[in-house]
Each structure stands twice: as C-alpha cells, then as structure tokens.
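Each chain gets a letter, A, B and so on, in the order its sequence line appears, and its residues count up from 1.
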Protein chains: 2
Amino acid sequence: MNNSFIDKAVIFCEQNKHRLTLPRLNVLKIIHSSAKPIKAYDILKKLSIIIRNPHPPTAYRAIEFWKRHKFIHRIESLNAYCTCKSDHLHSGGQFLICNDCGTVIESHLCNFPEVFKNAIKKKMFTLSNWNLEINGTCKKCS
Amino acid sequence: MNNSFIDKAVIFCEQNKHRLTLPRLNVLKIIHSSAKPIKAYDILKKLSIIIRNPHPPTAYRAIEFWKRHKFIHRIESLNAYCTCKSDHLHSGGQFLICNDCGTVIESHLCNFPEVFKNAIKKKMFTLSNWNLEINGTCKKCS
DNA sequence: TTCAAACTGTAACATTATAACATTTTAATA
DNA sequence: TATTAAAATGTTATAATGTTACAGTTTGAA
Ligand SMILES: [Zn+2]
Ligand SMILES: [Zn+2]
Ligand SMILES: [Zn+2]
Ligand SMILES: [Zn+2]
C-alpha cells in the first residue's frame with residue numbers, strides 16, 4: 001500500500017487543526033486500501049475489526065468528513081466511495097465504471113468542457129460542481 | 001399538462017407489444033406531471049390515489065420499465081426520477097441541478113465531447129453510457 | 001481550571017430498494 | 001374454444017442505505 005495519500009491526509013489535518021481521530025483515520029485507510037469503490041456498510045464491517053461494534057453514524061461521519069475535504073469521492077450510481085486519484089484536491093469528478101468487473105477508474109479533468117459551459121450558459125445556470133459517471137467496458141474486460 | 005409525451009409512450013407500447021398497464025401508465029403520468037424529479041416513494045404515495053394500497057415493487061417495476069425504454073431518467077444524486085425532456089430517446093443525460101430550489105433542467109447533448117473521448121481512449125475504455133450531473137444555481141435563484 | 005467547540009457513542013428510526021413466490025392477464029396456438 | 005406459456009402484477013417480507021437526536025468525551029484556548 002502506497003501511504004503517501006494517507007500522509008497527505010495526516011498533514012492536511014495537522015495544518016487545518018482537524019482532529020485525526022480513530023474512526024476518521026481508519027475509514028480513510030479502509031477506502032484507500034479498497035481496489036474498488038466501497039460501500040458504507042462494508043466500510044463499517046471492516047471498521048468493526050478495529051473499533052468495537054461501530055454504528056452507522058461512525059462510518060458516515062468519517063465519510064462525510066473526507067468527502068467535504070475532497071479526499072474521497074462518492075460514486076452516485078453505485079452508492080460507494082473511493083479515494084481521489086488525482087494529484088490535487090477537487091470536487092466532482094469523472095469516473096469510468098466497468099459494467100463487467102465493477103472497476104472504477106478516475107479520470108480527472110480540471111476544466112469543464114466548453115460544450116457544457118455553453119449548454120449551461122444557455123440555461124442561465126451558474127456552475128458550482130459537476131460529476132460525470134461513464135459506464136462501459138474496461139481494458140481488461142473488453 | 002402537455003400529453004404528447006404520454007401519447008408517445010402509448011404508441012411506443014402499441015408498436016412494441018408492451019402492455020400499457022394501470023401501474024405503468026399511472027407511474028409515467030405521475031413522473032411526467034411532477035415539476036421536479038420525484039422519488040419512488042412519492043410516486044408510490046400518488047399511485048395510492050389510483051390503485052388501492054400499492055406496494056414498492058409496483059412502483060419500482062414501472063420505473064424500471066420506463067427507464068429501460070428511455071422514457072425516464074434517474075437523477076442518481078437525488079434518488080429521483082424525471083421524464084426525458086429531449087425530443088428523442090437516449091440513455092444517460094446531462095442534468096443541471098439547482099442547489100437552492102431543487103429544480104432539475106435536462107440539457108441533452110447527443111455527442112460525447114471529444115475531450116472525454118480522448119480521456120477514455122487513453123484508459124482503453126469502451127463507452128456504453130454516460131451521465132453528467134451538474135450542481136449550481138438556476139436562473140431564478142441566482 | 002473552566003468552558004465551549006469539536007467530536008464520538010449509542011439507540012432508534014427513516015428512506016430506498018429487492019427477493020421470493022403466488023396469482024392474473026394476454027395472446028398465440030393447438 | 002380450450003390450452004398454454006410468457007408477461008405482468010399482487011403480496012409479504014426483508015435487505016440496503018442513510019439520518020436524527022441526544023448523551024458523553026476530548027481538546028485546546030480563555
Ligand atoms: Zn478526484
Ligand atoms: Zn472491467
Ligand atoms: Zn433525456
Ligand atoms: Zn433554483
């Protein structure tokens with residue numbers, strides 16, 4: 001396991017005076033060490049190895065914390081969570097979801113494409129955040 | 001209420017020999033007549049005015065039917081359903097979701113932007129379907 | 001050392017979705 | 001027209017996902 005991601009989170013908490021508590025640290029480690037996006041109740045199950053009989057809010061609060069601070073993403077169509085694979089923090093994202101094996105690849109683009117900018121301009125809509133989920137077949141499965 | 005959408009669905013069922021049953025027709029009407037995307041259990045509640053004591057599968061099956069045949073979309077981040085506002089059937093979609101009033105505007109683009117095509121080509125990923133949910137502020141709320 | 005803010009523990013509950021199996025409807029066909 | 005199989009619904013139960021509310025603890029600053 002590459003720990004530089006966890007290190008970044010540790011540093012982030014130090015610098016921003018957020019408490020890096022046992023549930024927070026372990027929830028992040030669990031999500032980070034999962035090959036595929038992991039569901040809240042599976043996080044909770046894994047958490048129970050470390051923390052005695054944790055309840056849903058324990059997992060959800062930590063999830064919410066890391067999501068708020070952009071260390072993790074929620075894959076909406078899967079109700080599952082994964083760590084950010086981009087080299088910088090951002091919200092929203094683009095995810096390639098393999099219909100066969102369930103693998104999710106994050107393909108982060110910093111800029112919102114022009115064609116969409118035009119589309120929302122037409123609707124007089126002000127962008128705050130965008131999330132793209134692409135289904136298809138991954139390299140391995142095709 | 002503009003019924004041409006419902007008419008299209010009626011014709012679709014006739015032409016494809018799908019049964020346009022009471023639950024199906026009414027679920028579609030309920031979704032279509034809702035100003036904003038509507039949740040499954042709210043559909044169920046409205047359905048209970050027409051059908052005596054309907055149970056979740058009744059709503060979910062009809063939802064699944066119309067979704068499969070591309071008459072409705074599911075807004076993943078809202079767990080809610082809306083009829084397709086494009087003039088032709090398609091899957092996936094782009095949705096502008098107002099953070100203030102909850103209004104959802106469908107802004108359908110037929111073509112997947114080049115920049116994304118390139119991104120998935122790089123990952124050797126084969127596209128089948130894409131769904132974009134954009135959060136922000138609508139015209140009325142800004 | 002007091003205090004308030006941030007955070008966690010715990011119990012209960014709310015919301016969203018599906019499984020499993022019986023029954024009914026429909027239309028084709030024997 | 002009786003038989004039949006597929007498509008669809010009815011019904012019961014349960015699974016999966018997420019939140020509220022309130023009590024208790026930890027932390028660091030006044
Ligand atoms: Zn990311
Ligand atoms: Zn795959
Ligand atoms: Zn559409
Ligand atoms: Zn609005």
Rounded to whole angstrom units, what separation is found between the [atom1] atom of [X] and the [atom2] atom of [N]?
| X | N | atom1 | atom2 | result |
| --- | --- | --- | --- | --- |
| A:Lys17 | D:dA29 | NZ | P | 6 Å |
| A:Leu22 | C:dA6 | CG | C1' | 16 Å |
| A:Glu76 | C:dT16 | CD | P | 13 Å |
| A:Asp42 | D:dA16 | CG | P | 10 Å |
| A:Leu44 | C:dT10 | CG | P | 13 Å |
| B:Tyr60 | D:dA16 | OH | C1' | 11 Å |
| B:Tyr41 | C:dC13 | OH | P | 18 Å |
| B:Phe65 | D:dT9 | CZ | P | 8 Å |

message = Regarding B:Lys46 and B:Ser48, do their side chains bring together a donor and an acceptor under 3.5 Å, going by distance alone?
response = no

query = Side chains of B:Glu133 and B:Asn131: is there a donor and an acceptor less than 3.5 Å apart?
reply = yes

inquiry  = Can you say whether a donor on the side chain of A:Arg19 sits under 3.5 Å from an acceptor on the base of D:dG28, or the other way round?
reply    = no

ask   = Does B:Thr21 place a side-chain N or O at less than 4.0 Å from the phosphate oxygens OP1/OP2 of D:dT9?
value = yes

message = So if I take residues 49-57 of chain A and measure heavy-atom distances to DNA chain C, which residues fall below 4.0 Å?
response = A:His55, A:Pro57

inquiry  = Heavy atoms from C-beta onward define the side chain here; which of C:dT16, D:dC22, D:dG10 lies closest to that of A:Arg61?
reply    = D:dC22

ask   = If you check every side-chain atom of A:His18, which of C:dC7, C:dA20, C:dG9 has the closest atom?
value = C:dC7

Would a single hydrophobic cluster contain both [Y] and [X], if residues Ile, Leu, Val, Met, Phe, Trp and Tyr are joined by side-chain heavy-atom contacts under 4.5 Å?
| X | Y | result |
| --- | --- | --- |
| B:Phe116 | B:Leu96 | yes |
| B:Ile75 | B:Leu44 | no |
| A:Leu25 | A:Leu89 | yes |
| A:Leu78 | A:Ile134 | no |

remark   = Residue pair B:Lys39/A:Pro23 against DNA chain C: nearer the 5' end by closest nucleotide is A:Pro23

task = Measure up the B:His73 and B:His90 rings against each other and bin them: parallel (under 30°), tilted (30 to 60°), perpendicular (over 60°).
result = tilted

